[in-house]
There are 2 protein chains.
Amino acid sequence: MSHTLGIRQVQKLKTRQALMDAALGLLEEQSLSSLGLREVTRAVGVAPTAFYRHFRSTADLGVALVEAALGSLHPVLGDLMSAVGDSDELVERAVDLIARHVDAYPAHVRFIARERHGGVQPVRAAIQGQLARFAEEVRAELAKRPETAGWTDDDRLMLAGLYVDQMLMTASLFLEALDEPEEERARAMRLASRRMRLISIGCRHWLD
Amino acid sequence: MSHTLGIRQVQKLKTRQALMDAALGLLEEQSLSSLGLREVTRAVGVAPTAFYRHFRSTADLGVALVEAALGSLHPVLGDLMSAVGDSDELVERAVDLIARHVDAYPAHVRFIARERHGGVQPVRAAIQGQLARFAEEVRAELAKRPETAGWTDDDRLMLAGLYVDQMLMTASLFLEALDEPEEERARAMRLASRRMRLISIGCRHWLD
DNA sequence: AATCACGGAGAACAGTTGTTAACTGCATGG
DNA sequence: CCATGCAGTTAACAACTGTTCTCCGTGATT
């Protein structure tokens, strides 16, 4: 089934990845709608026209970046929530996971936070789509847990969306604290934990 | 005290306002970091160099827009929260207020949501500053209410920040539903209400 | 009434942008 | 082994950008 890729396709994928990496780097201090195609190719060290071999436009590049940043995260989220434990432990695990992810892939996180409401419609749509998938998956996991027994599926989706948004806000919070001293980062983690714990408490008393 | 402004200052303020309005319009489909100074002056019908009489750069314009979009909102928020009523009624009032505000000033709301994590550092800082002020004010109002009696001031600030973020998410949600049929808009309002009500429930049981 | 201050216009600058076209070298499939 | 497809190059295009300098008209100041 898996046809070993020829030298040529490997090279193509390599420059494609180089373009995406360079773009991510440039997007740390600007938004996608101001990212020039030449800017990207210059950073890679390749001719401007080579860009068209991989992407139709910078918007197209952006959509690919969304997939790269969020696509591989679905199984991670599934593993997190299927691991048993009371909700307080789950909160701690989630916050820790987010902190680790922000440390490992800051540029990805920044890109998503920035372009979620950014000026490029197709990219916004791609992110919204991925986040909707996340919410759906969280809802499915929520249905297995005792905390939401007797809930409407619609209410579960509401809670799932709230959690997903909260995760993004948390990630963005950690992003701002990246270069700050360890003390500040610890404060951010405690703050995020308390926020999510308050939500989980609200969840415990929802059916009153 | 109030020195009546001369003809000249009035004209200056008028073109300054025209520049800001034009920029806000252009920013509906792009982000500030890609907004050109010439683009703005062209939309107003004024020479490019006139821009410098009012703003040092587009980033400077952005900071002014932040002030225009959020500055006048502080008393509104104060009125909202000082009006007595149980928390459920407060939630309904808040959601309704946000919906009305999004209808009246969609461009302002879009701008804030977009540039909060946008690519222009001074503008991000200005928004963060305003949001911090909002959080502080909400905390002060929270301290007067019975729901947070016995709370740490730090916990009150946590809740206040959560509410402020939730208001922004709600506004952004309504923004997406602006052109959709009335039915969809009603669903968005119910969703936002449930989210905030769940938080307020969590608040009621925080001290356990 | 004469001077000044200043918002705005105009022209020009070097540098940048996206996109097209025709070309080159080489891995690949028959 | 040879012909083809295709990633990447080079050159050129008109259009656009931010910024500087010089100038103009007129409301404001004394």
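Nothing here was measured: the structure is a model prediction, and the numbers come from that model. Chain identifiers are assigned alphabetically (A, B, ...) following the order of the sequence lines, protein sequences preceding nucleic acid strands; residue numbering begins at 1 within each chain.
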With heavy atoms under 4.0 Å as the rule, sort A:Thr15 into base, sugar-phosphate or nothing.
sugar-phosphate
Using whole Å, report how far CD of A:Gln30 lies from C1' of C:dT17.
13 Å
Along DNA chain D (nearest heavy atom to each residue), the more 5'-positioned of A:Gly45 and B:Leu35:
A:Gly45
Check every atom of C:dG8, D:dT19, C:dG18 against the side chain of A:Leu37 and return the nucleotide holding the closest atom.
C:dG18
Quiz question: by atom type and distance under 3.5 Å, do the side chains of A:His117 and B:Glu115 form a donor-acceptor pair?
no
Kindly say if A:Arg8 contacts the phosphate of D:dG5, meaning a side-chain N or O under 4.0 Å from OP1 or OP2.
no
Does any N or O in the side chain of B:Arg114 come within less than 3.5 Å of the main-chain N or O of B:Leu27, such that one atom is a donor and the other an acceptor?
yes
Length of the line joining A:Tyr52:OH and C:dA21:P, which is rounded to integer Å
12 Å
Whole angstrom is fine here: how far is it from CZ in B:Arg42 over to C1' in D:dG18?
13 Å
Between C:dT19 atom P and A:Asp60 atom CG, what is the distance in whole Å?
12 Å
Please check if the side chain of A:Ser33 supplies one atom and the backbone of B:Ser31 the other of a donor-acceptor pair under 3.5 Å.
yes
Treating B:Arg185 as the side-chain partner and B:Glu180 as the backbone partner, does any N or O pair qualify as donor plus acceptor under 3.5 Å?
no
Nearest whole Å is fine: how far is D:dA28 P from B:Leu5 CG?
10 Å
Find the distance between OG (A:Ser87) and CD (A:Glu92) and round it off to the nearest 0.5 Å.
11.0 Å
How about A:Glu29 and B:Gln121: does a side-chain donor come under 3.5 Å of a side-chain acceptor?
no
Donor + acceptor pair across side chains of A:Glu39, A:Gln30 (<3.5 Å):
yes
Kindly indicate whether the side chain of A:Arg53 and the base of D:dC6 share any N or O donor-acceptor pair separated by less than 3.5 Å?
no
Report all interatomic pairs (protein N or O, nucleotide N or O of nucleotides 10-13 of chain C) with separations under 3.5 Å.
unit_1	atom_1	unit_2	atom_2	d
C:dG10	O6	B:Thr49	OG1	3.4

Distance in angstrom units between B:Lys12 NZ and D:dA28 C1', rounded:
14 Å
For B:Phe55 and C:dG7, give me the distance from atom CZ to atom P, rounded to whole Å.
13 Å
B:Gln9 CD to C:dA5 P, straight-line distance once rounded to whole Å:
16 Å
